[in-house]
Amino acid sequence: MAAALTVPQLSAKHRLTLDQALAAIRSRAYWSPHPEHPKAYGETAPADGLAAFEAVRGTRLDLGQPGTDGWAGGETSPFGLELGVEYPHVDPDVLLPAMRAGMGAWRDAGPEARALVCIEILARIGARTHEFAHAVMHTSGQAFMMAFQAGGPHAQDRGLEAVAYAYEEQTRVPGQADWSKPQGKKDPLDLGKTFTAVPRGISLMIGCNTFPTWNGYPGLFASLATGNAVLVKPHPRAILPLALTVQVAREVLTEAGFDPNLMALAVERPGEGIAKTLAVRPEIKLIDYTGSTEFGDWLEANARQAQVYTEKAGVNTVVVDSTDNYKGMLSNLAFSLSLYSGQMCTTPQNLLIPRDGIETDAGHKTYDEVVADLAASVGGLLGDDARANALLGALVNPDVKARLEAAAGLGEVALPSREVTNPEFPGAVVRTPVMVKLDASKPDPEAPYLSECFGPVSFAVAVDSTADALELLRRTVRDKGAMTVGAYTTSADTERAIEEVCLEESAQLSLNLTGGVYVNQTAAFSDFHGSGGNPAANAALCDGAFVANRFRVVEVRRQA
């Protein structure tokens with residue numbers, strides 16, 4: 001059957017987008033083809049998206065995959081809804097060979113055709129952003145607006161960014177070359193050479209609960225664009241957004257004349273733990289994982305046959321030395337600590353504050369005053385329940401709630417957590433952040449601030465000086481890792497010292513943020529998420545290193 005989507009058609013539709021993405025990753029300037037505002041998708045899009053989400057609830061999502069041997073699912077929304085969607089459970093002995101079968105044609109299509117197909121997949125997902133927003137919201141616990149933006153356009157940006165890097169890396173080497181070596185009086189040595197980017201094999205993408213699309217799309221599209229088949233194994237609590245992604249991808253691959261089994265879904269039954277089983281299969285050559293350090297370390301140690309990309313836990317830190325905008329600093333930090341219940345892997349946890357206080361434009365502030373003022377700022381931001389619900393969302397799982405409740409016993413509570421009622425979703429578990437005062441004067445290897453406490457928990461850590469704060473920052477980044485570091489200072493020397501720590505320990509740094517940009521937000525095509533240089537993650541989203549080892553270049557030489 002002839003392809004309904006040809007490469008010339010896809011080129012006419014998407015080549016400009018690819019070129020703009022390539023220009024953006026080179027310039028690092030702001031660019032996005034995906035609108036952030038819900039109204040940009042048309043007057044009926046909100047109602048249509050909600051209706052599409054409701055229509056899939058309580059249904060069986062049959063993807064037509066080989067090896068389907070039953071059905072699994074069982075997601076419950078953190079907002080209290082039963083999703084009731086069933087997904088295919090697969091026999092890997094049947095599915096994996098079927099996934100490999102289409103890789104030859106996908107390889108031969110070349111980098112440009114693969115990139116254009118991937119962009120078409122993203123475009124179709126983009127057209128359904130409202131539907132995907134509800135799917136992300138009701139699996140991750142994000143409030144709707146965050147699910148819409150982070151789970152929609154921002155995730156699509158990250159996917160497109162990975163496609164652009166994949167295209168760039170694959171086209172560094174020309175497809176063919178005529179080689180002639182002079183031999184003096186003899187005839188030259190002539191060879192014709194071809195160079196083909198070949199995939200590594202099947203890529204396993206292990207999804208996370210909190211940001212299934214934002215964290216999932218970079219690896220998914222990096223692998224697909226470099227010629228690999230992709231097996232998507234979602235987190236058991238966040239299946240729907242990635243299942244819909246696989247559904248769209250299979251449709252586009254089919255229409256473009258490729259094997260739809262280049263993209264497939266693997267859902268587990270309760271307690272089955274198929275990620276470990278799949279991760280060590282010889283067919284799996286690439287693994288992308290976001291989640292706990294424990295399982296990330298296990299993958300790195302045991303999935304020896306695969307190239308493993310992990311984003312794990314880290315201890316994100318803010319050094320507070322001084323500021324010329326005290327009110328702006330407090331407001332910015334309060335928002336960062338509150339957004340999505342503090343359940344982002346980039347949210348600050350440790351606030352390192354000199355015990356003698358800091359200098360500000362509002363005069364000298366003691367440690368206790370800084371902590372009290374920040375607590376008041378968070379309390380003011382979240383004092384209105386409607387605004388609190390819009391910022392916080394719902395706690396993603398019972399483990400987060402347990403950590404939040406336990407944190408209050410770790411030290412003096414500067415800001416207690418409170419329960420927020422969500423009138424639209426009475427079953428939602430919504431809590432404001434807790435802030436606990438701790439002291440770093442006595443070294444303690446078991447100190448709570450030396451490990452990640454994932455959730456709406458922050459520690460205001462009193463340190464003897466800014467120099468001690470930098471030493472503690474260095475130690476935590478080196479030993480535990482960090483996805484983000486923030487700092488506030490009016491001193492050029494201190495700024496340089498903080499920057500030096502982050503350069504030496506490979507941590508992404510944000511300085512003196514007081515406006516509408518926050519330490520826990522990164523922009524695709526410009527900001528790097530993680531560095532790959534500290535224990536929090538062994539790769540950055542997204543750079544050349546994230547895609548370059550997903551393929552190899554195979555050369556064929558022919559006698560001319």
Side-chain angles (χ1 to χ4, degrees), residues 10 13-22 24-25 31-36 111-129 131-133 135-136 140 147-170 203-208 210-232 234 238 241-253 256 262-263 265 286 288-290 309 311 522-530 539-544 546-547 550:
L10 290 171
K13 190 176 181 181
H14 298 306
R15 181 68 218 204
L16 178 59
T17 299
L18 176 59
D19 288 341
Q20 290 174 318
L22 290 166
I25 63 173
W31 177 76
S32 171
H34 303 115
E36 287 185 320
E112 182 174 8
R114 290 194 294 269
L116 295 171
V117 170
C118 287
I119 297 173
E120 174 66 18
I121 295 169
L122 285 163
R124 294 199 191 181
I125 291 170
R128 296 167 59 179
T129 291
E131 176 188 357
F132 273 72
V136 171
S140 71
F148 181 91
Q149 293 185 336
H154 296 172
Q156 295 153 26
D157 282 349
R158 282 298 187 191
L160 179 56
E161 179 184 38
V163 172
Y165 273 105
Y167 178 84
E168 178 118 302
E169 294 300 321
Q170 289 175 101
S203 178
L204 175 65
M205 196 282 281
I206 303 173
C208 70
T210 49
F211 286 89
T213 55
W214 197 99
N215 277 106
Y217 282 5
L220 186 157
F221 283 100
S223 285
L224 192 63
T226 48
N228 303 279
V230 181
L231 180 57
V232 176
L242 293 176
L244 294 175
T245 300
V246 172
Q247 183 184 53
V248 173
R250 290 175 66 86
E251 290 171 356
V252 172
L253 287 164
L262 289 165
M263 180 82 73
L265 184 75
L286 296 160
D288 288 278
Y289 168 75
T290 300
Y309 300 89
E311 181 189 315
T522 58
F525 308 105
S526 185
D527 296 325
F528 293 109
H529 174 75
L541 304 181
C542 185
D543 60 7
F546 185 67
V547 300
R550 295 174 190 263

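- The side-chain heavy atoms of Pro212 and Pro234, taken from C-beta on, include no pair separated by under 4.5 Å.
- Counting all heavy atoms, side chain and backbone alike, Pro33 lies closest to Pro35 at O-CD, 3.6 Å.
- Across all non-hydrogen atoms, the minimal contact from Arg550 to Ala222 is NE-CB, 3.6 Å.
- What you find for Leu160 and Leu122 is that their closest heavy atoms are N-CD1, 3.5 Å.
- Of the charged side-chain nitrogens involved, at least one lies within less than 4.0 Å of a carboxylate oxygen, so that Glu112 and Arg15 count as a salt-bridged pair.
- To the nearest 0.5 Å, atoms CZ (Arg114) and CZ (Phe221) are separated by 14.5 Å.
- At a threshold of 4.5 Å between non-hydrogen side-chain atoms, the residues Leu286 and Tyr309 count as touching.
- Distance check: Ser526 OG to Trp31 CH2 gives 13.0 Å after rounding to the nearest 0.5 Å.
- When Trp214, Phe546, Tyr217 are each tested for a ring-ring contact (aromatic ring centres under 6.0 Å, His included) with His529, only one passes: Trp214.
- Scored by the side-chain hydrogen bond (donor to acceptor under 3.5 Å, both in side chains) test, Gln149 finds no partners at all (sequence neighbours excluded).
- Using a 4.0 Å cut-off between a side-chain N of Lys or Arg and a carboxylate O of Asp or Glu, Arg158 and Asp527 do not qualify as a salt bridge.
- With no hydrogens or angles considered, no side-chain donor-acceptor pair links Arg250 and Thr245 at under 3.5 Å.
- Side-chain contact between Ile119 and Leu10 is absent, with no heavy-atom pair separated by less than 4.5 Å.
- Taking the side chain as every heavy atom from C-beta outward, Leu231 and Met205 never approach each other to under 4.5 Å.
- Phe528 is not listed as a side-chain neighbour of Leu541, based on a closest heavy-atom distance of 4.5 Å or more.
- In terms of heavy-atom proximity, Ile125 sits nearest to Val248 at CG1-CG1, 4.0 Å.
- By the 4.5 Å heavy-atom criterion applied to side chains, Phe132 and Leu244 are counted as neighbours.
- Between the OG atom in Ser203 and the CG atom in Leu220 there is a gap of 7.5 Å [rounded to 0.5 Å].
- With hydrogens and angles ignored, the 3.5 Å screen pairs a side-chain donor or acceptor of Thr226 with a backbone N or O of Ser223.
- With 3.5 Å as the limit, one finds a donor-acceptor pair spanning the side chains of Gln156 and Thr129.
- In this structure, the side chains of Leu204 and Asp288 stay at 4.5 Å or more apart for every pair of heavy atoms.
- At least one donor-acceptor pair under 3.5 Å links the side chain of Gln170 to the backbone N or O of Ala166.
- Between Thr213 and Val136, some side-chain heavy-atom pair lies under the 4.5 Å cut-off.
- A distance of 7.0 Å separates CZ in Arg124 from CD in Glu251, rounded to the nearest 0.5 Å.
- Once rounded to the nearest 0.5 Å, the distance linking CD of Gln247 with CD1 of Ile121 reads 12.5 Å.
- Once rounded to the nearest 0.5 Å, the distance linking CD1 of Ile206 with CG of Leu242 reads 12.0 Å.
- The heavy-atom pair separating Ala164 from Leu22 by the smallest distance is O-CD2, 3.4 Å.
- Scanning both residues, Ala162 and Pro218, for their nearest heavy atoms gives CB-O, 3.4 Å.
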